[in-house]
Amino acid sequence: MNGMTLVLLSGGIDSTATLALYRRKAVEVSALFVDYGQPAATRERESAHRIAEHYKTAMNSVRCTGLGALGSGYIKGRNALLLHLALTAAPFEVGQVALGLHAGTPYVDCSAAFVSEAQRMFDLYCSGRIRVVAPFINDDKRGVVGFCRDAAVPLQLTYSCERGGHEPCGSCLRAKRRAGFRC
């Protein structure tokens, strides 16, 4: 598809892999970080900025307030919110919005079916001119990390913890997965 790619960049492994993948292609890429009140927003934003700088990618940020206290773990509607904010912030009329989703998670909004439904919503607004893409949707976490290692992705710049402490907590799902791959 012609046009620009906007990568939703959380500062974690999966979104960083997605940015790295699109930076390797001959397409124009930008990134968007969303602070939706998550406990790890500060750490994630710091990582996202370092990663965007590493890949020489322009990054914008959006802050969404008023959602109340969000805990760690599953947040219903999270990826739909991120996609709709990205659609609203997209600096193009033709292109794609890329998410770092992968197979093997228990969350409904990390599935191929979710991506398909999100595309239907985008089509209402854009008549197919902006696509929702999740290049790792058929890979598990091991596949994403394998890509990162093969592509020399700077995993040390990423942050993976839902709680937002200085160091990953080691007990939330994201921190456990990260520890399992010694990133």
Side-chain angles (χ1 to χ4, degrees), residues 1 4-34 38 40-41 43-59 72-75 78-80 82-83 86 95-119 131-183:
M1 166 173 269
M4 186 175 200
T5 299
L6 176 62
V7 175
L8 279 161
L9 185 61
S10 70
I13 294 169
D14 308 322
S15 66
T16 301
T18 302
L19 179 61
L21 177 71
Y22 284 100
R23 290 300 294 164
R24 294 175 84 176
K25 298 179 181 215
V27 297
E28 189 177 353
V29 180
S30 65
L32 178 68
F33 174 79
V34 179
Q38 69 271 39
R43 299 279 182 233
E44 290 176 354
R45 183 183 307 101
E46 291 167 357
S47 288
H49 277 289
R50 287 192 301 266
I51 292 158
E53 286 175 2
H54 174 83
Y55 285 105
K56 297 175 177 60
T57 302
M59 186 179 92
S72 60
Y74 180 66
I75 298 171
R78 174 186 173 269
N79 284 334
L82 297 177
L83 279 172
Q96 54 192 3
V97 174
L99 294 129
L101 304 181
H102 63 81
T105 70
Y107 307 134
V108 68
D109 62 353
C110 293
S111 67
F114 170 77
V115 172
S116 178
E117 289 299 316
Q119 184 61 57
R131 307 293 307 161
V132 177
V133 295
F136 297 104
I137 197 68
N138 295 318
D139 297 309
D140 62 10
K141 188 68 158 193
R142 184 172 311 283
V144 174
V145 172
F147 167 82
C148 289
R149 290 190 174 135
D150 291 346
V153 172
L155 293 175
Q156 74 278 6
L157 298 180
T158 66
Y159 181 82
S160 301
C161 181
E162 297 167 3
R163 297 199 176 131
H166 184 68
E167 295 295 322
C169 69
S171 60
C172 72
L173 183 59
R174 289 183 195 162
K176 284 180 183 177
R177 285 191 175 156
R178 179 185 186 86
F181 291 101
R182 295 187 204 119
C183 298

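As a basis for the values below, the full set of heavy atoms in this structure was taken, side chains included, without hydrogen atoms, waters or symmetry mates.
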With rounding to the nearest 0.5 angstrom, report the [atom1] to [atom2] distance, [X] to [Y].
| X | Y | atom1 | atom2 | answer |
| --- | --- | --- | --- | --- |
| H102 | S111 | NE2 | OG | 12.5 Å |
| Q156 | H54 | CD | NE2 | 8.0 Å |
| Y55 | R23 | OH | CZ | 9.5 Å |
| L19 | L6 | CG | CG | 10.5 Å |

Does a side-chain heavy-atom distance below 4.5 Å link [X] with [Y]?
| X | Y | value |
| --- | --- | --- |
| M59 | I51 | no |
| Y22 | T57 | no |
| H49 | E46 | no |
| L8 | L83 | yes |
| T16 | L157 | no |

What is the minimum heavy-atom distance between [X] and [Y], and which atoms define it?
| X | Y | answer |
| --- | --- | --- |
| G11 | S47 | O-CB, 3.7 Å |
| F147 | A20 | CE2-CB, 4.2 Å |
| D139 | P135 | OD2-O, 4.2 Å |
| C110 | T105 | CB-OG1, 3.1 Å |
| A48 | F33 | CB-CD1, 4.0 Å |
| F114 | L101 | CD2-CD1, 4.3 Å |

Tell me whether Q119 contacts the main-chain N or O of V132 through its side chain, where contact means a donor paired with an acceptor under 3.5 Å.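 Looks like yes, one N/O pair under 3.5 Å.
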Is a side-chain N or O of T18 found less than 3.5 angstrom from the main chain of D14, in a donor-acceptor match?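 Yes; at least one donor-acceptor contact below 3.5 Å.
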Expected list for residues 24-32: side-chain donor-acceptor pairs under 3.5 angstrom, two or more places apart:
none

With sequence neighbours left out, write down each residue that passes side chain to side chain donor-acceptor pair (under 3.5 Å) with S10, or none if nothing qualifies.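 Expected list: S15.
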Using a strict cut-off of less than 4.0 Å between a Lys/Arg side-chain nitrogen and an Asp/Glu carboxylate oxygen, indicate whether E53 and R50 qualify as a salt bridge.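 No salt bridge links E53 with R50.
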